[in-house]
Amino acid sequence: MEYNHKEIESRWQKFWKENETYKTREDTSRPKYYVLDMFPYPSGAGLHVGHPLGYIASDIFSRYKRQNGFNVLHPMGYDAYGLPAEQYAIQTGQHPCVTTEQNIARYREQLDKIGFSYDWSREVRTCDPAYYKWTQWAFMQMFNHWYDRAAGKARPISELVAAFAASGTEGIDAACGKDMTFTADEWNAMGEKRQREALMNYRIAYQGQTMVNWCPKLGTVLANDEVSEGISVRGGYPVEQRMMTQWCLRVSAYAQRLLDGLDTLGWTDSLKETQRNWIGRSEGAEMRFPVADSDIELEIFTTRADTVFGVTFMVLAPESKYVAMLTTPDRKLEVDRYLCEVSRKTERERQIDKKVSGVFTGSYAINPLTGKKIPVWVSDYVLAGYGTGAIMAVPAHDSRDYAFARHFDLPIVPLIEGADVSEESFDAKEGIMINSEGPELNLNGMTVKQAIAAAKSFIESKGLGRVKVNYRLRDAIFSRQRYWGEPFPVYYKEGTPYLMDESVLPLCLPEVPSYLPTEQGEPPLGRAAGWHTPAGCPIEKCTMPGFAGSSAYYLRYMDPHNDKALVGREADEYWQDVDLYIGGTEHATGHLIYSRFWNKFLYDLGLVVKDEPFRRLVNQGMIQGRSNFVYRIKDTNTFVSATLKDKYDTTPIHVDVNIVKADRLDLDAFRKWRPEYADAEFILDDGEYVCGYAVEKMSKSMFNVVNPDDIVERYGADTLRLYEMFLGPLEASKPWDTNGIDGVSRFLKKLWNYAEKALAPGAPEKASGPQLKAMHKLIKKVTADIEAFSFNTSVAAFMIALGELQSAGAPSREAIELFVRVLAPFAPHVSEEIWHRLGNDTTVTDAPWPAYDEKYLVENTVKYPVSFNGKVRFTIELPADTPREKVQELALAHESAARWLDGRQPKKVIVVPGRIVNVVI
RNA sequence: GCAGAAAUGGUGGAAUGGUAGACACGAAAGACUUAAAAUCUUUUGGGGCGGAAGCUCCGUGCGGGUUCGAGUCCCGCUUUCUGUACCA
C-alpha cells in the first residue's frame with residue numbers, strides 16, 4: 001500500500017480527539033512537566049508556515065517528556081484582544097467579538113491539521129469574561145497594595161493606611177511617585193478625598209500623570225509604533241505630546257528583583273542581557289543645586305559625581321515643573337515659544353532630530369562645591385521621564401552637554417589630565433582628576449574611580465544629596481482609549497476613583513453603537529448606555545492594554561475552570577511554574593517583563609508558589625519570506641528571465657511564490673494570476689523562466705506567504721513537522737524555502753515502504769545485529785538532540801538510520817518498532833499508524849522512550865592508527881569493546897611506542913574510538 | 001553610539017580541541033519507461049598528478065596568538081543580522 005498521509009493523519013487526529021488522548025489531569029504520582037507556547041493573536045490572515053515553528057518544537061518536547069513518564073501540561077489559547085479586530089470593527093461596524101471568533105475558528109482548524117498534542121480542554125481566551133474576570137481581579141489587588149521597599153514586597157494598602165494614621169510617613173519606605181512627608185495628625189486631618197489622592201502615590205496600580213502621544217482627531221493615546229513622523233499611521237492626523245492622567249502599574253518598584261531574578265533563569269544570555277539593558281540599573285548620586293536668590297533647589301541625578309567641579313550650566317526637561325518656576329519675566333516669551341515648539345514634536349521626531357536646541361530661563365543655580373553661579377537652561381535633550389528631569393551639565397566629559405555648550409557658547413572646563421576637549425568631549429571614565437579643588441573637597445590627583453567614591457561620600461556627609469540607584473525601567477501605562485479590551489472595575493465619585501466590589505466581576509464589556517471615540521473625545525465606552533453604577537457614578541471608560549490579559553495566562557492553564565480563584569492552591573502547587581517556554585524574542589522587553597512583574601506581585605501576596613514564572617526559555621527564530629520576482633521590460637508586457645535581465649531595462653515585480661517552483665515560473669499560472677498578465681510575453685532562458693528572489697518579511701503584500709494548510713494538503717503534517725525542524729537550528733532566523741521539502745517527504749515514503757515489508761507476513765520478528773546497532777545509535781543520538789534542542793540533526797539521524805536499516809538485512813518488526821518509538825514526537829501520525837499495525841493497543845505516546853544499550857554501538861574490531869605528535873607511526877588492531885584507557889595502555893606498551901617514548905612519560909594520550917591514538921610528550 | 005548573536009561548498013546546514021563539509025536540496029551522468037512523472041544507482045569544495053584503484057597540495061570572513069593538533073579557545077579587525085537608543 002502507498003503511503004497515504006491524508007488517510008493516516010485524519011484517522012489519528014480523529015482518534016486522539018475522540019479518546020481525549022492528550023487531556024491532562026493532575027497526578028501527584030508522576031512528575032510534572034509544563035511546556036508552554038506563547039499564545040497567538042488570532043489575526044484575520046490566519047497562520048503562515050512561520051507560526052508553527054515554535055509550536056512544533058514544543059510539541060516534540062512535550063511528546064518526548066510524556067514518553068519519559070512525565071505528566072505533561074501542554075496547553076494552547078488565544079491572546080484575543082487586539083487592535084486589528086477593533087480597526088476592522090470601526091470600518092465595518094462588525095463586533096470585534098465576531099471577527100475574533102471567526103479567526104479563532106480558523107486558527108484552530110489550521111493547528112489541528114498539524115497534529116499537536118494540546119490539551120484543548122484547558123484553552124483560554126483573554127476576551128472571555130470567565131478569563132478576564134481574573135485580569136480585572138489582579139488589577140484590583142494591585143490597586144489595593146503598595147510596595148514596601150524595606151520588606152522588599154507588596155503589602156496591603158490597609159496596612160499603609162494604619163501606619164499613616166499612627167505615625168504618618170515616618171519610618172515608611174515605599175515605592176512611590178513623589179516623596180511625601182506628613183505626620184499622623186496631618187494625615188488624619190486630610191479628609192477622604194485628599195487621603196485617597198495621597199494613597200494614589202503608593203498604589204501598585206495607580207492613576208498618574210504621564211507623557212503620551214495624543215491624537216486629538218482620533219481621540220486616543222497612540223503607542224510609538226502607531227505614530228510616524230508626527231502623524232498617526234491610521235488616518236494621517238497630527239499627534240502631539242501631552243501630559244495625561246493614565247492608569248499605570250508600578251513595575252519600577254520591582255526593578256531590582258526583576259534584575260536579580262534573571263540570574264536564576266535558564267534563558268539565553270542575549271535575552272537576559274536585553275532585559276538587563278531595558279531595566280537599566282545605574283548607580284550614582286542624587287544631589288541638590290540651590291537656585292540663586294530663591295528657596296528652590298534643583299534636584300539632579302548623576303553617575304559622575306566626580307565631575308561636579310566641571311558643571312558650567314544646568315538643563316531642565318521642557319516638561320519639568322521647575323521651568324515655569326525659574327523662568328524670569330524677561331525670558332518668558334522666548335521660553336514659552338520654545339516649549340510650544342517642543343510640544344508639537346512627537347517623541348519620534350525628538351529622537352530623530354538631533355539638532356541642538358534650547359533656551360535660557362534667566363535663572364542661575366549655585367554649584368554647591370564651588371559656590372559659583374551657573375545658568376539654568378531648558379532643552380529637549382533632557383528627558384522628563386528619567387531621573388529627576390534635570391541635569392547638571394559637564395560639557396568637557398559628556399558629548400551631549402558638549403554639543404549644547406558649543407552651540408550656545410557656554411564654558412567648557414576639562415577635569416581630567418591630558419583630556420583634549422577642543423574638538424570633542426572626553427567621555428571615558430578613566431584618567432587623573434585636575435581642576436577639581438573647592439573650599440571643602442579636593443579631588444585633584446585621584447583616579448576617576450576614586451573621585452566618584454570620594455565625591456559621593458562628601459555629598460552624602462554634607463547633606464547635599466544622597467547615593468542613589470536609578471533604573472531606566474518605567475512604570476507601565478495601563479489604560480487605552482479603546483473599546484476592545486478589559487474594562488476597569490473602577491468608578492468615580494466626584495472625580496475620585498474607587499474600586500467596584502469584587503462581586504461585580506467579571507465586569508463585562510458593554511455593547512456600543514459605534515467603536516469610535518465620542519464627539520467629546522471620550523473613549524468608545526462613553527457611548528455605552530448605562531455605563532455607571534446603580535448609584536449613578538460613572539465607570540472608567542478606558543480599557544486595559546494587550547499585555548494585561550497575557551501576563552498571567554500561564555497560571556490560568558493550570559486550573560482553567562476554577563471560578564473561585566485565578567489558580568487553585570492545589571493546582572499551583574502541583575504545576576508550580578513553566579518548565580519550558582517557547583516563543584519569539586520580540587517579547588523580551590514587553591510581555592516577558594510584565595509577566596515576571598505580575599507573577600512576583602502574586603507571589604508577594606502568597607497566591608503562587610514560584611517567584612519566577614518561566615524556568616527555561618527558548619526563542620525560536622523568525623521565519624522570513626522568500627519572495628520571488630519577475631522582471632518586466634519597461635513599458636512592455638514582456639517578462640525576461642532573471643538570468644537574462646541585465647541585457648534589458650527592467651522593473652522587478654513581486655510574483656506569488658505559490659506559482660513558482662524551484663525558482664521556475666509556471667507561465668500558465670502567471671497568465672491566469674492577474675488579468676493584466678493574461679497576454680504576457682516571456683523571454684525564456686533555455687525554455688525556462690527563472691525568477692529572482694529576495695528574503696523579506698512574510699507578508700501578503702510581498703506575495704510570499706506560504707500557508708501550512710497547503711503544505712499539509714500536499715505533503716502531510718508529518719512532513720511539514722519534520723521539514724520545519726530540518727530547516728536549521730531552531731533559534732536561527734531563516735527564510736522559508738519549500739524547495740528542500742522533497743527530501744523529507746521521500747524519507748517518510750521510504751520509511752513507510754520499509755514498515756510495509758517489516759509488517760508483511762513472514763518478515764522476521766527479531767532485528768539483526770546491524771539493525772540493532774543502527775537503532776541504538778539512533779536512540780542515543782535523538783535522545784541527546786532533543787535534550788539539547790537540536791532537532792535539525794535529529795531529522796538527519798532518522799534519515800541515516802533508515803539507510804542503515806535498509807542495508808542491514810530483511811526488515812524486521814523489532815527494528816521498525818524501535819524506530820517509530822523515537823520518531824513519534826517528530827512525526828506522530830505515521831508513527832502511531834505503524835505502532836498500531838504492530839499490534840499495540842496503546843498510543844505510541846504511551847510507549848516508553850527506549851533506552852539505548854552501548855553494547856550495540858561498538859564494532860567487533862577496530863584499527864587504531866597510533867600517532868605521535870601528529871605523525872602516524874603504526875596501527876594496532878583491537879577488539880571494539882576495548883575501553884579507552886585500555887587502548888591507551890596497549891598503544892604505549894606496543895614495542896615501537898615504548899622505543900619511541902624512550903622511557904619518557906607522556907603528557908597526554910588522546911583516543912578517539914576507532915580512529916586515532918595521539919600521544920603527547 | 002551601546003549590547004547581543006553570527007560568518008563553513010551553488011543552497012539550507014553538520015562537526016565533546018582530533019579524518020571539515022554529516023544530512024538534505026540543487027546540479028550532472030546513468031538505469032527503468034514509447035515518453036514524462038515517480039523510483040533507483042553513481043558523481044558533486046577547489047587545484048594538480050594518474051589509464052585506474054588512488055595520490056597530493058590548498059581550503060571554515062581577515063590578521064595575529066595558544067596547542068603535537070584550531071571551524072571550534074585567546075587578542076585585534078571587517079561585514080551581516082537582532083535588540084536598544086539623547087538614560088545624564
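Classified by interplanar angle (parallel below 30°, tilted 30° to 60°, perpendicular above 60°), the ring pair F798(A)/F819(A) is tilted. Relative ring orientation between H591(A) and Y581(A) is described as perpendicular, the plane-to-plane angle rising above 60° on a 0-90° scale split at 30° and 60°.
G4(B) is paired with C81(B) under the Watson-Crick or G-U wobble criterion, all donor-acceptor distances under 3.5 Å. Applying the Watson-Crick and G-U wobble criteria (two distances, each under 3.5 Å), C87(B) pairs with nothing in any strand. Nucleotide A35(B) is matched to nothing when pairs are restricted to Watson-Crick or G-U wobble geometry with both distances under 3.5 angstrom. With a 3.5 Å ceiling on both atom-pair distances, the Watson-Crick or G-U wobble partner of G26(B) is U44(B). In this structure G76(B) sits in a base pair with C62(B), meeting the Watson-Crick or G-U test at under 3.5 Å. Across every strand in view, G54(B) sits in a pair with C49(B) that passes the Watson-Crick or G-U test at under 3.5 angstrom. A 3.5 Å limit on both hydrogen-bonding distances identifies no Watson-Crick or G-U partner for A70(B).
A search for ring pair (Phe, Tyr, Trp, His ring centres under 6.0 Å) contacts involving F726(A) returns nothing, not counting sequence neighbours. Residues satisfying the ring pair (Phe, Tyr, Trp, His ring centres under 6.0 Å) criterion with W278(A), sequence neighbours excluded, are absent altogether. For the ring pair (Phe, Tyr, Trp, His ring centres under 6.0 Å) test, residues two or more places apart in sequence or in another chain that qualify with F404(A) are F313(A), W377(A), Y381(A), F408(A). Taking Y254(A) as the reference, Y147(A), F597(A) meet the ring pair (Phe, Tyr, Trp, His ring centres under 6.0 Å) condition, with sequence neighbours excluded. For the salt bridge (Lys or Arg N to Asp or Glu O under 4.0 Å) test, residues two or more places apart in sequence or in another chain that qualify with E297(A) are R288(A).
Y715(A) and T738(A) form no side-chain donor-acceptor contact under 3.5 Å, judged by distance and modelled atom types alone. Side-chain contact of T585(A) with N619(A): a donor-acceptor pair under 3.5 Å is absent, judged by distance alone. When only modelled atom types and interatomic distance are considered, Y852(A) and T783(A) share no side-chain donor-acceptor pair under 3.5 Å.
Atom P of nucleotide C87(B) and atom CZ of R281(A) are separated by 19 Å, given to the nearest angstrom. Summarising the geometry, the separation between NZ on K697(A) and P on U82(B) is reported as 12 Å, rounded to the nearest angstrom. Between the P atom of C23(B) and the CD atom of E724(A) lies a distance of 23 Å, rounded to the nearest Å. For D306(A) and A88(B), the CG to C1' distance is 13 Å, given to the nearest whole Å. Rounded to whole Å, the distance from OH on Y381(A) to C1' on A88(B) is 8 Å. Between F747(A) atom CZ and C25(B) atom C1' there is a gap of 16 Å when expressed in whole angstrom units. L722(A) has its CG atom 13 Å from the P atom of A24(B), to the nearest Å. In this entry the distance linking CG of N619(A) with P of U82(B) reads 15 Å, nearest Å.
Around CD of E586(A), the count of heavy atoms belonging to other residues, nucleotides or ligands within 6.0 Å exceeds 12. In this structure, M702(A) places its CE atom where more than 12 heavy-atom neighbours from other residues, nucleotides or ligands lie under 6.0 Å away.
Remark: nothing in residues 781-789 of chain A comes within less than 4.0 Å of RNA chain B through any heavy atom. Scanning residues 268-275 of chain A for heavy-atom distances under 4.0 Å to RNA chain B yields S270(A), E273(A), T274(A). Contacts between residues 727-740 of chain A and RNA chain B, counted as heavy-atom distances below 4.0 Å, involve L727(A), P729(A), N739(A), G740(A).
Taking the C1' atoms as reference points, U8(B) lies 9 Å from G13(B), given to the whole Å. Between C40(B) and A24(B), the two P atoms lie 11 Å apart (nearest whole Å). Between G61(B) and A14(B), the distance separating the two P atoms is 15 Å to the nearest Å. A distance of about 43 Å separates the C1' atoms of A53(B) and G64(B), rounded to the whole Å. Atom name P, nucleotides G17(B) and C73(B): the rounded distance is 8 Å, in whole Å. If you take atom P in G4(B) and the same atom in G10(B), they sit 33 Å apart, rounded to whole Å. Distance noted for atom C1' between G59(B) and A70(B): 14 Å (whole Å). Comparing the same atom, P, in C75(B) and in A27(B) gives a spacing of 44 Å after rounding to whole Å.
For the pair R276(A) and W267(A), the NZ or CZ position fails the cation-pi test of under 6.0 Å to the six-membered ring centre and within 45 degrees of the ring normal.
Applying the salt bridge (charged side-chain N to carboxylate O under 4.0 Å, His left out) definition to pairs two or more places apart or across chains, those involving residues 743-757 of chain A are E756(A)-R837(A). Judged as a salt bridge (charged side-chain N to carboxylate O under 4.0 Å, His left out), the pairs with a partner in residues 785-794 of chain A (not counting sequence neighbours) are, in order, K781(A)-D785(A).
Within the structure, a side-chain polar atom (N or O) of S282(A) is placed less than 4.0 Å from OP1 or OP2 of A88(B). The side chain of N792(A) places no N or O atom within less than 4.0 Å of a non-bridging phosphate oxygen (OP1 or OP2) of G12(B). One finds a side-chain N or O of Y386(A) lying less than 4.0 angstrom from the OP1 or OP2 phosphate oxygen of A88(B).
In G9(B) the O4'-C1'-N dihedral to the base is within 90° of 0, which defines a syn nucleotide.
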Pairs: protein N or O with nucleotides 36-40 of chain B N or O, under 3.5 Å:
none

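Place R400(A) and I741(A) on RNA chain B by their nearest nucleotides, and I741(A) ends up nearer the 5' end.
Looking at heavy atoms from C-beta onward, S745(A) lies out of side-chain contact with Y723(A) at the 4.5 angstrom threshold.
When distances are taken from the side chain of T793(A) to each of A88(B), C23(B), A15(B), the shortest belongs to A15(B). Out of A85(B), A3(B), C23(B), the shortest distance to the side chain of R472(A) is found at A85(B). Of the listed nucleotides (A85(B), A22(B), A88(B)), A88(B) has the atom at the smallest distance from the side chain of D398(A). Of the candidate nucleotides G26(B), G12(B), A88(B), A88(B) has the atom nearest to the side chain of L383(A). Set against A22(B), A88(B), A24(B), the side chain of I800(A) has A22(B) as its closest nucleotide.
In the interface, the side chain of R474(A) is paired with the base of C87(B) through a donor and an acceptor atom under 3.5 Å apart.
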Give every donor-acceptor pair under 3.5 Å between a side-chain atom in residues 390-397 of chain A and any protein atom, sequence neighbours left out.
{"from": "H397(A)", "atom 1": "ND1", "to": "F426(A)", "atom 2": "O", "distance (Å)": "2.8"}
{"from": "H397(A)", "atom 1": "NE2", "to": "L415(A)", "atom 2": "N", "distance (Å)": "2.9"}

